[in-house]
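To start, the structure under review is shown below, and the notes come after it.
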Amino acid sequence: MARLIVIKGPDEGRQFDLPESQAVTIGRDRNNQITLHDTEVSRRHAELKLLGGSCTLKDLGSANGTFVNTRPVRDHVLAPGDHITIGQSILVFGGNRGDRPSGLTQLANQIRMVGPKTEERPSAIVKTVAEDEGSRILARPDQSGSLWLKTRLASLSVMYETTQAVSHILDLDQLLDRILELIFNSIPADHGCIMIRRGDEGKFEPKAIRFRRPGETAEKMTVSRTIMDWVLRERQGVLISDAARDDRFAGGNSITRFNIREVICVPMKGRHETHGVLFLDTTTKAHDIGRKGNGETPGQLTEEHLALSIAIAHQAALAVEETQYHQAMMSAERLAAVGQTIAALSHHIKNIMQGVVFGSEMVEHGLADDDKGMLMKGWRLVEKNQAKIHGLVMDMLSYSKDREPAIEMIEMNKLIADVIELIQPQADDIGARLEVRLSQSLPLVPADPDGLHKALLNIIGNAIDAVEGREDPYVGVQTLLEPGGEWVRIIVLDHGGGIEPDKINEIFKPFVSMKGARGTGLGLPVSRKILREHGGDVTVESKLNKGSKFILRLPMKSPLIAELGGTMQMPAFPPEAPEAN
């Protein structure tokens with residue numbers, strides 16, 4: 001199935017499968033099949049339609065335009081590996097495998113393996129080529145021999161397209177399909193397939209197959225196991241001019257039975273090992289026999305085709321290695337991430353459970369001594385740590401799950417006042433001065449009150465923690481409407497110790513906490529995620545020993561405002577100029 005992968009923007013890392021024969025729209029509006037939390041994306045920005053292996057991208061009159069490989073487009077047919085730029089987001093298109101058989105079983109059903117025959121006959125080999133010759137030809141195309149090959153490699157047409165495919169197509173099966181397509185554009189083969197070694201078993205499985213004549217796709221392609229084994233054993237690519245006369249390669253059932261005339265078979269040698277083989281053939285039809293009067297037909301495959309095949313096979317082998325390396329790295333990163341997550345959670349849960357155990361012991365002593373004071377102290381400690389566990393679990397759920405904000409028109413100042421009321425005791429406990437400056441001209445703001453309340457509670461609470469123990473601890477909270485009236489800004493300022501410059505980008509990563517054992521390292525990542533789900537963001541400015549300023553920005557035109565169904569009207573912006581920052 002074709003898919004889109006977001007490689008840049010607020011939704012980086014997300015993947016979207018594209019259904020066949022169904023229009024899929026992209027935009028900020030939640031009613032799109034593909035919703036992007038990018039404020040520069042229009043509500044209904046573009047449309048994709050996959051039909052018969054071809055995918056068409058259509059711009060829907062977007063404000064900022066749609067670009068494919070940096071070029072503006074209105075209606076464009078996508079190719080695998082194309083980069084689609086929409087707003088600040090870049091998506092990579094992974095193409096459909098089209099009409100080719102789906103699955104390894106169907107591919108295997110199109111391959112007929114013929115075994116060796118013991119009887120030896122005169123060789124039909126015209127020329128051999130060493131398996132590492134591909135890298136040499138690519139490195140020195142001027143020394144490649146014939147004028148045809150020099151011209152072909154000097155223009156770099158085929159090799160450039162192969163390199164482009166290797167660098168842009170992420171799926172290995174799609175990549176090998178594309179390589180076979182490029183081979184057929186330059187080499188007059190009738191059939192072609194790529195066989196890849198499966199793991200450490202030494203067995204080969206078909207990964208791509210191609211027929212020049214569309215009507216043959218329902219037939220089987222004959223691959224001689226004997227030729228494959230010879231190529232792998234001798235580490236040489238081979239051009240066979242008349243396979244029917246060489247039973248050594250034809251196999252036990254005779255390759256003549258399957259009308260095979262010429263064969264090119266080359267190993268796919270990478271940097272260190274051989275990953276598979278490229279097998280090409282031509283077939284003789286009954287009406288071709290006797291064209292020259294002596295029962296022979298002119299050869300279609302030449303030594304130059306053999307050299308070009310080994311060069312392309314080398315590129316394909318490098319791509320296989322890169323894919324395997326990438327998969328191994330991804331697996332290692334996932335395992336490392338799981339290990340780090342478990343370690344971080346264990347650390348935080350251990351600290352919380354120590355409080356629970358200590359509180360439980362106080363409750364037991366209070367019950368045993370009939371000491372109500374001790375009993376209440378222990379119970380309050382248990383309750384406090386129970387709240388910490390609840391907060392940790394909820395933060396984990398918020399961070400790990402995609403959530404669509406429940407947008408409604410809210411009074412931002414009232415929401416902040418509610419947060420301040422909850423957090424004021426925390427400031428009073430450490431003697432911090434909490435100053436609030438709220439814009440009286442602020443209009444209603446489209447936002448999810450619960451999500452925004454959580455984000456503000458996290459960030460203001462962090463600011464109070466940052467000033468604990470400082471001389472004249474101060475935290476300020478301010479709201480204002482930015483010039484132009486398109487964004488609301490909430491500023492949280494503290495006079496704490498600040499953040500080291502090399503750690504600014506780290507604080508929004510999960511389980512990175514500046515509070516030591518007191519923090520879970522999820523507050524800021526969750527807060528940023530909530531703001532980005534609204535189409536906004538959280539940024540920070542900080543100076544060591546001076547303090548930090550967290551800036552929360554929310555769009556006045558929410559990407560999800562359409563969810564209100566038109567029942568709520570955006571209020572007119574006030575004519576007054578916004579307060580100075």
Side-chain angles (χ1 to χ4, degrees), residues 1-19 22-48 50 55 57-60 62-70 73 78 80-95 168 170-171 326 330 333-334 337 395-407 446-448 451-452 454-455 487 505 508-510 522 524-539 552-555 557-563:
M1 175 176 286
R3 65 176 51 185
L4 288 179
I5 304 172
V6 184
I7 63 172
K8 183 179 179 182
D11 300 280
E12 182 176 337
R14 295 184 67 189
Q15 300 186 27
F16 304 95
D17 290 331
L18 302 178
Q22 179 179 336
V24 174
T25 57
I26 307 173
R28 293 198 329 257
D29 195 305
R30 178 174 173 270
N31 291 325
N32 294 288
Q33 288 85 350
I34 298 176
T35 303
L36 300 178
H37 300 101
D38 184 337
T39 55
E40 293 189 15
V41 173
S42 299
R43 294 183 181 180
R44 290 184 81 251
H45 195 108
E47 180 183 86
L48 286 163
L50 190 68
C55 187
L57 172 67
K58 182 179 180 181
D59 184 86
L60 299 178
S62 62
N64 295 321
T66 302
F67 299 80
V68 175
N69 301 327
T70 72
V73 298
L78 295 172
D82 279 349
H83 282 51
I84 305 168
T85 302
I86 297 179
Q88 296 180 341
S89 301
I90 299 178
L91 303 87
V92 174
F93 172 68
H168 284 91
L170 305 177
D171 181 83
H326 177 71
M330 290 290 290
E333 288 175 2
R334 289 192 189 100
D395 280 344
M396 289 170 58
L397 290 174
S398 297
Y399 187 76
S400 62
K401 182 180 179 182
D402 284 336
R403 178 180 177 273
E404 294 176 355
I407 299 294
D448 178 349
L452 201 55
K454 183 179 186 64
W487 293 86
N505 295 326
F508 289 103
K509 293 182 179 179
L522 285 173
L524 285 177
V526 168
S527 299
R528 169 171 274 186
K529 181 173 181 290
I530 291 171
L531 267 292
R532 286 184 171 179
E533 287 170 345
H534 282 73
D537 205 351
V538 181
T539 57
L552 293 73
R553 299 179 75 234
L554 283 168
K557 295 182 179 179
S558 168
L560 302 177
I561 195 67
E563 280 300 290

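Note that the numbering runs from 1 along the sequence shown for the chain. Reckoned from all heavy atoms, side chains included, excluding hydrogens, waters and symmetry mates.
- When every heavy atom of I530 is checked against every heavy atom of G451, the shortest pair comes out as CD1-O, 3.3 Å.
- The two residues A455 and L531 have their closest heavy-atom pair at CB-CD2, 3.9 Å.
- Counting only distance, with no hydrogens or angles, the side chain of D38 and the backbone of Q88 share a donor-acceptor pair below 3.5 Å.
- For the side chain to side chain contact (heavy atoms under 4.5 Å, CB included) with C55, the lone residue among V24, L4, L78 that qualifies is L78.
- Looking at D29, its side chain never comes within 3.5 Å of a backbone N or O of R43 through a donor-acceptor pair.
- Here the straight-line distance linking atom CD1 of I34 with atom CG of L18 works out to 5.5 Å at 0.5 Å rounding.
- Taking both residues in full, the closest heavy atoms of G65 and D59 are given as C-OD1, 3.8 Å, listed atom of the first, atom of the second, then distance.
- Considering OG1 of T39 and CG of L554, their distance stands at 11.5 Å, rounded to 0.5 Å.
- Here the side chain of H45 pairs no donor or acceptor atom with the backbone of R28 at under 3.5 angstrom.
- Here the closest non-hydrogen pair linking S527 and V538 is O-CG2, 4.1 Å.
- A search for side-chain hydrogen bond (donor to acceptor under 3.5 Å, both in side chains) contacts involving N32 returns T25, not counting sequence neighbours.
- Looking at N64, its side chain does come within 3.5 Å of a backbone N or O of E40 through a donor-acceptor pair.
- Residues H83 and V68 fail the side-chain proximity criterion, which asks for heavy atoms closer than 4.5 Å.
- For Q22, the side-chain hydrogen bond (donor to acceptor under 3.5 Å, both in side chains) criterion is met by no residue, not counting sequence neighbours.
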Side chain to side chain contact (heavy atoms under 4.5 Å, CB included) between F16 and V6, worked out: CA-CA 9 Å; F16 304 95; V6 184; 3.8 Å; yes
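- A donor-acceptor pair is defined here as one N or O able to donate and one able to accept, closer than 3.5 Å; no such pair exists between the side chain of S62 and the backbone of S42.
- Summarising the geometry, atom OG belonging to S89 is positioned 10.5 Å from atom CD1 belonging to I7; distances are rounded to the nearest 0.5 Å.
- Side-chain atoms of D11 come within 3.5 Å of backbone atoms of H37 as a donor-acceptor pair (strictly under, hydrogens ignored).
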Side chain to side chain contact (heavy atoms under 4.5 Å, CB included) between T66 and T85, intermediate numbers included: CA-CA 6 Å; T66 302; T85 302; over 6 Å; no
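- Look at D537 and R553 and you find no salt bridge, because none of the NZ, NE, NH1 or NH2 atoms lies under 4.0 Å from a carboxylate O.
- Note: F93 CZ to L57 CG = 9.5 Å, rounded to the nearest 0.5 Å.
- Taking each heavy atom of G536 and P555 in turn, the nearest pair found is N-CD, 4.0 Å.
- For the side chain to side chain contact (heavy atoms under 4.5 Å, CB included) with I26, the qualifying choice from T35, L60, I86 is I86, the only one to do so.
- Of all heavy-atom pairs between P19 and L50, the closest is O-CB, 3.7 Å.
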